[in-house]
Amino acid sequence: MKKQHNIKMALAVLVTAALLASGCGSQSGSKSAGDAKTFTYGTVAYGVSNQNTGTNPHDTYVGWSSIRYGIGETLFRFTNTMELEPWLAKDYEQIDDYTVKINLKDNICFSNGKKVTGEAVKACFEDLLQKHDRAPKDLKIESMTADGQSITIKSKEKVPALLNYLSDPYGCIIDVEAGEHDKIVIGTGPYEATSVSDTEIDLKKNENYWGETKPHMDKIVVKSITDGDTLTMAMQNGELDAVQGLPYSNLELFQNNDKYNVSQADTSRIYQVAFNFKTPALQDLRVRQAISMAIDKENFTKVLLHGQGTPAVGPFPASMTFGDNAVHTVAFDKEKAKGLLKEAGYADTDGDGYVDKDGKNLELRYLTYTSRQELPLLAEAAQADLKDIGIKLDVNATNNYKNFLKSGEYDLYSNAFVTAPTGDPEYYFSTHVLKSSAYNMGFYYNDRIESLEEQLRNTFGADKRSSIAIQMEQQILDDCAYFYASHLRMSFVMKKNVKGFAAHPSDYYEITPELAKD
């Protein structure tokens, strides 16, 4: 028995030595609770209505929480100019139009000390394809083979934006063999979750973190605080170290204030309204155009958003080559909007202030949700502006919006969406404007859009892809399938002693190893 015990001890020593040699394994002992450096973060962007509660990136939009809060990392990531760069990957080789070989860095391990290999990445992606709703359609993977520190991916068809898609938060690499327990998965990021609920995520330092910069904080507490005034007071009272999502009217309390720093970045998050093409009145292009012409984007952005956004033309900001500067739409003009309604056969025949046709007022149901502060403000603006041209808007702002979407109880649906999180335009088109799109809530269909998307998904090269994207955007705008209100400016407010915490144009990266407190 003693001999067997000695053999086990020797094996344990060898395993520990191997882990340390590969850069994995525990690096230091834990600190006592009294010595722990804690960062407390309040945000409106975490919650059930956002489909991101938890840490498992293979579940709906939970990947956003995984990558935002430093739990998971992807093979590639985006720079501040939205260009791809390796992250967990070392490099890659495009073997042909259908096949790419990705080589992994050799020193990466999961937070449990297990080394990240090609086989581990392959297992992760297999689980992703089995469970996720968007990934299979995006990636179109036919087969994967692992060999040491590399993984070769073969697609069923050309996927020119494959690496971009793999940089979506759902592409966070997790140890699927470790499983998911109490909404906790094992990732490669600087922090690992210790407790997860629908309103809070508690994290601790990943002692096995592979990066050159080691995490500075011992503990991270992410709190979901969806009420803007509560969030503001918590920041003012010193209960939080940083916040995201303050009401725009309250943001000025922290600007030009010696106690705080503010970090901002323009993003591709769009506030949009989808027209339901199943609604008879909205099948008339003139009605959709009238609505689009009547809503004052400038006033919405400057007054209601306090300048924390840019009036939109299409789904992409002007900073992108396929963005607002490349397309055009109807201009704000309430008088022309009234004229279009008249052409469509609407008039206020009973003097009640609303136009009618065949004895029925033009009354529309407007559905949105409240978890993003901008959406109720847009509903308020739209309701007032459309009243001026004789359209009655019944606003339903509820975080139970999914049930109304399922039942079809809406004529216009307003939401917020990051249109180019992968730095490529196809993501937005594939999710919103195709017959098969998961988020085509307006049931929009256009043969030309379908054809152009077919071209886009088979075209390599940023310039060529941009050219096709512009054509698609313009067609969507010509059809008035969507009303695009504003692009968001992301703002983080933090105490003066917080360092390494900055807004990013992708709306992904928040908690990083660089985060520190003086």
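Basis for what follows: all heavy atoms, side chains included, without hydrogens, waters or symmetry-related copies.
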Colleague: Compare every heavy atom of Thr301 with every heavy atom of Thr310, then report the nearest pair and how far apart it is.
Modeller: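 The answer is N-CG2, 3.8 Å.
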Colleague: Between Lys495 and Phe39, is NZ or CZ placed under 6.0 angstrom from the six-membered ring centre and within 45° of the ring axis?
Modeller: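 No; the conditions do not both hold, so Lys495 does not lie above the ring face of Phe39.
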Colleague: Would you compute the distance between atom OG1 of Thr267 and atom NE2 of His504 and round it to the nearest 0.5 angstrom?
Modeller: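 One finds 11.5 Å between OG1 of Thr267 and NE2 of His504.
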Colleague: Ring centroid separation for Trp210 and Phe110, is it under 6.0 angstrom?
Modeller: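 Judged by ring-centre distance (under 6.0 Å), Trp210 and Phe110 do not meet the cut-off.
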Colleague: Is the centre of the Tyr410 ring less than 6.0 Å from the centre of the Phe404 ring?
Modeller: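 So the answer is no for these two rings.
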Colleague: Quick test of your reading of the model: are Lys517 and Asp241 salt-bridged, counting only N-O distances below 4.0 Å?
Modeller: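 Asp241 and Lys517: salt-bridged.
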Colleague: Would you call Lys499 and Glu514 a salt bridge, taking side-chain N to carboxylate O under 4.0 Å as the test?
Modeller: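 Not counted as a salt bridge, because no side-chain N and carboxylate O are separated by less than 4.0 Å.
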Colleague: Centre-to-centre under 6.0 Å for Tyr170 and His58, is that the case here?
Modeller: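 Judged by ring-centre distance (under 6.0 Å), Tyr170 and His58 do not meet the cut-off.
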Colleague: For residues 379-386, please give each side-chain donor-acceptor pair under 3.5 Å, one per line with the distance, not counting sequence neighbours.
Modeller:
| residue | atom | partner | partner atom | Å |
| --- | --- | --- | --- | --- |
| Gln383 | NE2 | Leu393 | O | 2.9 |
| Asp385 | OD1 | Lys334 | NZ | 3.0 |
| Asp385 | OD2 | Asp296 | N | 3.0 |

Colleague: Are the aromatic rings of Tyr427 and Phe417 close, with centres under 6.0 Å apart?
Modeller: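 Here the rings of Phe417 and Tyr427 have centres that are less than 6.0 Å from each other.
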Colleague: For Tyr61, is the NZ or CZ atom of Arg134 found under 6.0 angstrom from the centre of its six-membered ring and inside 45 degrees of the ring axis?
Modeller: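 Flagged: Arg134 positioned over aromatic ring of Tyr61.
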Colleague: So, applying salt bridge (charged side-chain N to carboxylate O under 4.0 Å, His left out) with Asp507, which one of Arg269, Arg489, Arg372 is it?
Modeller: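 That would be Arg269; it is the only one of Arg269, Arg489, Arg372 passing the salt bridge (charged side-chain N to carboxylate O under 4.0 Å, His left out) with Asp507.
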